[in-house]
Participant: 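Pasting a structure here, questions to come.
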Amino acid sequence: ESVGFVWVLGKSLTSYEKQWENMFAKLEQYLRQHGNCAVPQYYKEDPSLGTWVMTQRKTRDELDSDRHSRLASIGFVWDAFDQQWEE
């Protein structure tokens, strides 16, 4: 850690993986604050989180199974339009 590595389950992460983990942590924080994972695309408090969530939705079929499972396990909203319709 002192040289800038982030470790997850005992392995060093690439910068892309580190960015994904950081954004996932922000999503978990959003969940704690708002009680859901329905981050709007244009989220004023953290535009990068809104963009990241939109990207996860768009690339849903391309996500590896671990990431897909992690997002699903916290109640990730895969289709924002369906979520709005149900409310």
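The first residue of the sequence shown is numbered 1, and numbering continues consecutively from there.
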Participant: So how far is it from Asn36 CG to Tyr30 OH, rounded to the nearest 0.5 Å?
Facilitator: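 It is 5.0 Å, given to the nearest 0.5 Å.
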Participant: Return yes if some donor-acceptor pair links the side-chain N/O of Thr14 with the main-chain N/O of Glu17 below 3.5 Å, else return no.
Facilitator: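 Here the side-chain-to-backbone pair exists.
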Participant: Can you find a heavy atom in the side chain of Ser48 that is under 4.5 Å from one in the side chain of Lys26?
Facilitator: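 They are in contact (side-chain heavy atoms under 4.5 Å apart), so the answer is yes.
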Participant: Looking at Trp20 versus Tyr16, is the centre-to-centre ring distance below 6.0 Å?
Facilitator: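 Trp20 vs Tyr16: aromatic centres not under 6.0 Å.
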Participant: If the threshold is 4.0 Å, N to carboxylate O, is there a salt bridge linking Glu21 and Arg70?
Facilitator: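 Between Arg70 and Glu21 there is a salt bridge, with a charged N closer than 4.0 Å to a carboxylate O.
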Participant: So if you build clusters from Ile, Leu, Val, Met, Phe, Trp, Tyr with side-chain heavy-atom gaps below 4.5 Å, do Val77 and Tyr43 land together?
Facilitator: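 No, separate clusters.
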Participant: In this structure, would Leu31 and Trp52 fall into the same cluster of hydrophobic residues linked by side-chain contacts under 4.5 Å?
Facilitator: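 Yes.
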Participant: Starting at CD of Gln56, measure out to CZ of Arg67 and round the result to the nearest 0.5 Å.
Facilitator: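 If I round to the nearest 0.5 Å, the distance is 7.5 Å.
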Participant: At their closest point, which heavy atom of Cys37 faces which heavy atom of Gly75, and how far apart are they?
Facilitator: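 Taking every non-hydrogen atom into account, CB-O, 3.7 Å.
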Participant: Would you sort out whether Ile74 and Glu28 count as a side chain to side chain contact (heavy atoms under 4.5 Å, CB included), showing the intermediate values?
Facilitator: CA-CA 8 Å; Ile74 63 169; Glu28 289 178 311; 4.3 Å; yes
Participant: Would you give the length of the straight line joining atom NZ of Lys58 to atom CG of Leu63, rounded to the nearest 0.5 angstrom?
Facilitator: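 With rounding to 0.5 Å, NZ (Lys58) is 13.5 Å from CG (Leu63).
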Participant: Just verifying a value: how many Å separate Leu27 CG and Asn22 CG, rounded to the nearest 0.5 Å?
Facilitator: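 If we round to the nearest 0.5 Å, Leu27:CG and Asn22:CG are 12.5 Å apart.
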Participant: Kindly work out whether a path of hydrophobic side-chain contacts (I/L/V/M/F/W/Y, heavy atoms less than 4.5 Å apart) joins Leu49 to Phe76.
Facilitator: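 Yes: a chain of side-chain contacts under 4.5 Å links Leu49 to Phe76.
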Participant: Report the distance from atom NZ of Lys18 to atom OG of Ser15, rounding to the nearest 0.5 Å.
Facilitator: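 Lys18 NZ to Ser15 OG: 7.0 Å, rounded to 0.5 Å.
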Participant: Any chance you could measure Gln29, atom CD, to His34, atom NE2, to the nearest 0.5 Å?
Facilitator: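 Going from CD on Gln29 over to NE2 on His34, the span is 9.0 Å.
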Participant: Taking the basic N atoms (NZ, or NE/NH1/NH2) and the acidic carboxylate oxygens, is any pair closer than 4.0 Å for Arg57 and Asp79?
Facilitator: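 Here Arg57 does not pair with Asp79 in a salt bridge, since their nearest N and O are not under 4.0 Å apart.
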